[in-house]
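Taking it in order: structure first as structure tokens, then the write-up.
Residue numbers start from 1 in every chain, and the chains themselves are labelled A, B, ... in the order their sequence lines are given, proteins ahead of strands. Worth knowing before you read on, the calculation uses all heavy atoms, side chains too, and leaves out hydrogens, waters and symmetry mates.
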Amino acid sequence: MYQDVILDHYKHPHGRGLRAGDAEVHHVNPTCGDEITLRVKLAGQTVEDVSYEGQGCSISQASASVLNELLVGKELPEAQRIQEQFLELMQSRGRIERDEDLAAMEEVLEDAVAFAGVSKYPARVKCALLSWMAWKDATAQALKEAAA
Amino acid sequence: MYQDVILDHYKHPHGRGLRAGDAEVHHVNPTCGDEITLRVKLAGQTVEDVSYEGQGCSISQASASVLNELLVGKELPEAQRIQEQFLELMQSRGRIERDEDLAAMEEVLEDAVAFAGVSKYPARVKCALLSWMAWKDATAQALKEAAA
Amino acid sequence: MNQLPGLLDTEAIRKDFPILDRTVHDGQKVVYLDNAATSQKPRQVLDALNAYYERHNANVHRGVHVLAEEATALYEGARDKVAAFVNAPSRDEVVFTKNASESLNLVANMLGFADEPYRVDRDTEIVITEMEHHSNIVPWQLLAQRTGAKLKWFGLTDDGRLDLSDLDEVITEKTKVVSFVLVSNILGTHNPVEAIVRRAQEVGALVVVDASQAAPHMPLDVQALQADFVAFTGHKMAGPTGIGVLWGRKGLLDDLPPFLGGGEMIETVSMHSSTYAPAPHKFEAGTPPIAQAVGLGAAVDYLAGIGMAQIEAHEHAITGYALGRLQEVPDLKIIGPTTAEERGAAISFTLGDIHPHDVGQVLDEQGIAVRVGHHCARPVCLRYGIPATTRASFYLYSTPGEVDALVDGLEYVRNFFG
Amino acid sequence: MNQLPGLLDTEAIRKDFPILDRTVHDGQKVVYLDNAATSQKPRQVLDALNAYYERHNANVHRGVHVLAEEATALYEGARDKVAAFVNAPSRDEVVFTKNASESLNLVANMLGFADEPYRVDRDTEIVITEMEHHSNIVPWQLLAQRTGAKLKWFGLTDDGRLDLSDLDEVITEKTKVVSFVLVSNILGTHNPVEAIVRRAQEVGALVVVDASQAAPHMPLDVQALQADFVAFTGHKMAGPTGIGVLWGRKGLLDDLPPFLGGGEMIETVSMHSSTYAPAPHKFEAGTPPIAQAVGLGAAVDYLAGIGMAQIEAHEHAITGYALGRLQEVPDLKIIGPTTAEERGAAISFTLGDIHPHDVGQVLDEQGIAVRVGHHCARPVCLRYGIPATTRASFYLYSTPGEVDALVDGLEYVRNFFG
Ligand SMILES: Cc1ncc(COP(=O)(O)O)c(C=O)c1O
Ligand SMILES: Cc1ncc(COP(=O)(O)O)c(C=O)c1O
């Protein structure tokens with residue numbers, strides 16, 4: 001499960017640190033104590049920044065870093081598609097294993113396909129999803145505020 | 001466990017029916033519904049009569065009959081000794097098996113040694129003891145009233 | 001006689017149950033007719049238990065090692081199996097308990113501690129029936145005592161069925177919960193669910209069904225029942241002892257407060273306060289009966305493999321045959337429905353004046369295992385003015401030959417005490 | 001290294017535990033260091049379970065047939081064995097539950113429903129400690145919520161021991177019950193019973209001891225403890241899942257009200273009211289975990305056969321050795337006492353900044369099973385300002401070689417994330 005890509009992101013996280021944002025959320029995984037504070041900044045329909053601080057295992061930390069790398073700069077619908085695809089991968093219980101399936105996913109998920117192996121470990125899936133759920137939540141809040 | 005002696009007493013109970021007494025008790029075995037109403041009549045230190053009515057299994061019925069046969073006419077200390085010996089037999093879990101031990105007991109218990117086999121069946125021991133416990137209780141009451 | 005329609009291939013089935021080869025009293029093969037008390041277990045269930053302990057044993061949830069993951073997958077897999085077995089809309093509606101009694105107590109306690117609209121208190125009423133097992137009486141008596149609620153019940157007809165003639169007076173606007181047995185363990189009666197559920201729904205009362213004697217013997221569909229809670233117990237359905245089930249509607253399980261507190265049922269704990277995990281875990285405090293759930297999973301696989309409709313048909317045939325043959329025995333009186341219609345495979349009876357203890361004991365001497373007593377349903381004995389009954393109860397491995405052995409045994413009993 | 005004083009003959013003992021031959025991740029033999037979560041089961045226990053199901057299975061009590069008598073004798077025989085194992089003055093003081101959590105909830109609920117002088121209510125206080133397992137926190141939080149009683153606790157010292165400096169302020173005249181863990185499952189701390197019991201007795205409070213991590217590992221003498229209730233759980237002491245024990249003083253069990261209602265726990269039932277069987281049956285509603293009690297009986301036979309003092313000595317040696325070796329690992333910090341004195345065989349630690357989940361996972365890849373997380377004792381993690389720990393815990397079959405494997409594994413973990 002510890003692909004080099006994951007370890008790389010863990011050791012050298014992208015975009016870590018809290019910067020200005022339109023909405024902030026704090027998510028906790030109560031079973032293992034992983035925590036993340038995450039801010040989303042939108043520019044119209046574009047994800048301008050995702051900044052975060054947190055503590056947790058390599059999987060949750062690397063996953064936040066991958067998220068930042070993947071989503072910053074994307075248009076919202078595309079970012080949401082990536083989020084959904086990542087969710088699907090993580091809930092696959094290791095069933096997405098064939099190289100061509102992973103290759104197809106890689107087009108959308110890029111580095112994030114490295115988490116395919118994590119999906120086999122139910123205890124760790126929540127770690128990988130922590131930041132992605134926080135992002136979804138924060139984005140919804142940011143949109144609501146923009147609309148208000 | 002169904003010695004001929006027991007079946008005999010069951011089919012032809014001794015002294016069944018309620019007659020005048022100094023004390024009456026009603027005992028129930030809640031787990032199987034066996035019931036007995038029993039009266040004791042004392043004449044000084046002598047057990048003048050033990051009369052009873054009840055419903056229940058052959059063991060509880062036969063045991064009441066044997067009790068009547070054994071205790072009526074006895075002096076109280078002797079009757080109490082018999083009661084204690086019967087209790088001991090019933091709590092022996094079938095461990096009193098050697099012929100000479102049973103023969104020794106038979107001197108005191110007479111027909112009641114036939115219940116030795118019942119002691120192997122924990123579920124039935126209470127049936128065999130029902131009338132004996134009732135007798136003990138009724139006798140204590142009768143003595144208390146006599147003293148009062 | 002082996003021509004009874006609907007019989008299973010008991011010769012094959014009996015090979016799965018090691019204990020059925022057991023001999024008692026100097027070489028007599030046991031004739032096990034005490035299935036309503038507990039069923040025997042097939043090799044398949046014992047194998048599942050052994051495999052669990054020999055290869056996968058670990059504590060469940062939150063483990064990151066292989067054994068913990070395997071044990072968790074097996075335990076939660078058993079929940080999937082049980083959910084499918086009773087056609088639950090969601091696996092999260094299946095709570096594992098230690099037995100049906102705990103399941104029923106769990107509901108009673110939840111309702112005592114619940115907020116409105118579920119709360120049972122001094123202004124409300126609880127409805128049960130006179131044919132309940134003690135495990136579906138005492139929890140409600142305790143709840144009534146502790147909350148001041150009033151306990152009411154349906155009586156019985158002379159032929160062993162529920163007397164629903166006063167349905168609308170017994171279940172009223174004050175009724176918060178109606179709890180009743182689907183199939184009686186003493187009378188064998190299969191109760192009319194629909195009429196009771198309809199009335200309960202009319203007044204907004206929750207419905208609890210004690211399916212302890214139904215789940216082992218017939219297809220059980222919690223959605224079709226339309227109940228709110230359904231309780232049953234593993235050991236009567238070819239599973240291990242130490243495991244029971246409470247199925248409950250998702251919305252209710254979400255709303256109701258926890259019962260036992262401890263590990264596994266929490267979300268987060270501090271010394272000052274705690275929050276609870278979502279159902280079903282909210283109701284599973286402490287290390288669950290892991291191996292027993294796995295064993296129950298194997299049991300429902302086994303039963304489903306044979307087919308619950310087939311098992312029901314088999315028992316229906318055996319019960320019909322037994323009712324007929326038993327009624328040939330002089331002085332034998334069936335307590336409960338005398339035909340196999342709307343009826344399960346437990347048959348209670350009295351035999352003249354011979355006390356059930358004597359009947360059972362002399363049958364045992366012939367290798368025939370029946371149960372005697374009030375079968376944890378003493379109010380039924382009181383209702384029919386008898387101290388106790390003898391009960392023969394059948395299962396998928398029971399044969400017409402065993403019915404014949406019982407009838408012969410009863411003849412012997414009559415002569416013995418005659 | 002095999003020269004540690006007091007070691008058992010683990011080569012022989014390990015042959016009794018089939019799962020210890022299990023290989024994981026392509027052929028690595030499992031190094032099972034998750035014994036505080038649950039222990040493995042010896043062949044002798046599995047044999048007892050199989051023999052029960054294959055030869056004796058029946059429902060207990062009140063049966064008049066051979067199987068029911070045998071099952072009852074085995075079940076009640078298990079009670080005798082457990083009573084002897086903890087030196088209970090009477091077998092009737094041993095209540096079988098489904099796990100330690102149920103045992104603790106049972107006490108909490110009894111006290112909530114009890115009459116004076118036991119009753120916990122809004123004018124009274126409950127005392128626990130900050131190192132309790134959630135199963136000894138949440139039941140008391142629930143009781144406090146439901147009754148209005150005040151929940152208080154002892155804090156912890158920096159080196160992982162109970163801070164009893166405010167003993168007289170925490171336990172006061174208002175205290176009705178003091179419940180604490182004998183050996184902590186997260187810190188390993190062995191708590192000083194005498195001081196707490198003395199103060200509790202002074203103010204007339206009941207004492208509940210959670211011996212879940214003590215009963216498996218050392219001689220346990222409920223009389224010497226001088227507690228009123230002692231709880232423990234079968235699956236941690238070589239027994240099956242699905243069985244726990246509550247030992248309670250006879251007089252208390254007689255006085256206190258029942259908790260769960262149902263079959264087996266009654267004396268007589270009518271629709272209007274019921275009376276209850278004497279303890280222990282009063283507290284055992286429904287069909288008990290029969291096979292599991294039998295299995296626990298076999299487990300205590302097994303443990304007693306080896307000798308609890310010998311097991312304690314073995315674990316003491318292993319724990320001392322492990323504490324020494326672990327402290328050689330750079331950046332490793334023990335959470336809890338750092339020497340083997342007054343300490344059990346569960347060792348929690350952190351490893352630099354590496355999250356315990358990662359430590360556990362990478363150890364698992366090497367076949368080493370440890371537990372990570374808050375170990376159902378989250379207040380301890382809060383107290384020491386850490387999200388979680390990695391915990392290695394030993395049992396009678398643990399070897400110095402396994403300690404070495406753990407230390408090597410941790411070095412690998414450091415390099416992996418370094
Ligand atoms: C100290 C302590 N108390 C209580 C428990 C609860 O035991 P169980 O989960 O078997 O109920 C445990 C184990 O999980 C424990 O370690
Ligand atoms: C109808 C019914 N309800 C409830 C129960 C209680 O089941 P358990 O003893 O497994 O809790 C039984 C069996 O004893 C039963 O027959």
NZ/NE/NH1/NH2 to OD/OE distance under 4.0 Å, C/E54 and D/K41: no
In terms of heavy-atom pairs under 4.5 Å, which option from D/V45, D/T268, D/N109 contacts chain C the most? D/T268
With chain C, the option among D/M271, D/K236, D/Q145 that has the most non-hydrogen atom pairs under 4.5 Å is D/M271
Could you tell me which of C/H235, C/E130, C/H56, C/Q292 has the largest number of non-hydrogen atom pairs under 4.5 Å with chain D? C/Q292
Would you call D/R22 and D/Y32 a side-chain contact if the rule is heavy atoms closer than 4.5 Å? no
Counting only heavy atoms closer than 4.5 Å, note whether D/H375 contacts chain C via side chain, backbone, both or neither. neither
Using non-hydrogen atoms only, which part of D/P288 is less than 4.5 Å away from chain C: side chain, backbone, both, or neither? backbone
Interface moiety of C/I137 toward chain D, non-hydrogen atoms closer than 4.5 Å: side chain
So, the part of C/E70 with a heavy atom under 4.5 Å from chain D: the answer is side chain
Check each atom of D/I128 against the heavy atoms of chain C and say whether the ones under 4.5 Å are side chain, backbone, both or neither. side chain
Less than 6.0 Å separating the ring centroids of D/Y75 and D/F96? yes
Using side-chain heavy atoms (C-beta onward) and a distance below 4.5 Å, is D/I19 in contact with D/V30? no
Less than 4.5 Å apart, any side-chain heavy atom of D/D364 and any of C/V64? no
Where on D/T233 is there a heavy atom nearer than 4.5 Å to chain C: the side chain, the backbone, both, or neither? neither
May I ask you to test the D/L260-D/E102 pair for a side-chain heavy-atom distance under 4.5 Å? yes
Is D/V362 close to chain C through its backbone or its side chain, or both, or neither, when contacts mean heavy atoms under 4.5 Å? neither
Taking every non-hydrogen pair under 4.5 Å, which of C/T38, C/T241, C/N50 racks up the most with chain D? C/T241
Measure distances from C/F17 to the heavy atoms of chain D and classify the residue's part below 4.5 Å as side chain, backbone, both or neither. neither
Chain C contact via D/S212 - which portion, at a heavy-atom distance below 4.5 Å: neither
Side chains of C/R371 and C/S393: is there a donor and an acceptor less than 3.5 Å apart? no
Heavy-atom distances under 4.5 Å only: say whether C/V24 touches chain D with side chain, backbone, both or neither. side chain
Only pairs of heavy atoms separated by less than 4.5 Å count here; which of D/F259, D/W140, D/Y53 has the most with chain C? D/Y53
Close side-chain approach of D/M237 and D/L296, heavy atoms under 4.5 Å: yes
Please identify, among D/R146, D/Q361, D/M265, the residue contributing the most non-hydrogen atom pairs under 4.5 Å to chain C. D/R146
Option in D/A369, D/G360, D/G261 with maximal non-hydrogen atom pairs under 4.5 Å from chain C: D/G261
Tell me every residue that passes side chain to side chain contact (heavy atoms under 4.5 Å, CB included) with C/S274, counting only those two or more places apart in sequence or in another chain. C/V269, C/Y276, D/V138, D/Q141
Using 30° and 60° as the class boundaries, would you call the ring planes of C/H374 and C/H134 parallel, tilted or perpendicular? tilted
Which atoms of D/L142 are under 4.5 Å from chain C, going by heavy atoms: the side chain, the backbone, both sets, or neither? side chain
Closest non-hydrogen atom pair, D/S101 against C/G286: OG-CA, 3.1 Å
Non-hydrogen atoms of chain C under 4.5 Å away: do they reach the side chain of D/E69, the backbone, both or neither? side chain
Side-chain heavy-atom pair C/I186, C/H133 within 4.5 angstrom cut-off: no
Of the backbone (N, CA, C, O) and the side chain (C-beta and beyond), which part of C/L49 lies under 4.5 Å from a heavy atom of chain D, both, or neither? side chain
Chain D shares the most heavy-atom pairs under 4.5 Å, among C/C376, C/A71, C/A285, with C/A285
Check: D/N185 and D/R391 side chains under 4.5 Å, non-hydrogen atoms: yes
So which residue, D/D21, D/L106, D/T287, D/L46, ends up with the most heavy-atom pairs under 4.5 Å with chain C? D/T287
Contact class of D/V370 relative to chain C, heavy atoms under 4.5 angstrom: backbone
Check each atom of D/N99 against the heavy atoms of chain C and say whether the ones under 4.5 Å are side chain, backbone, both or neither. side chain
Given that the side chain runs from C-beta out, which part of C/R43 has a heavy atom under 4.5 Å from chain D: side chain, backbone, both or neither? side chain
Distance, nearest 0.5 Å, that separates CG of C/L67 from CG of C/N59: 12.0 Å
Are any non-hydrogen side-chain atoms of C/L363 and C/V413 less than 4.5 angstrom apart? yes
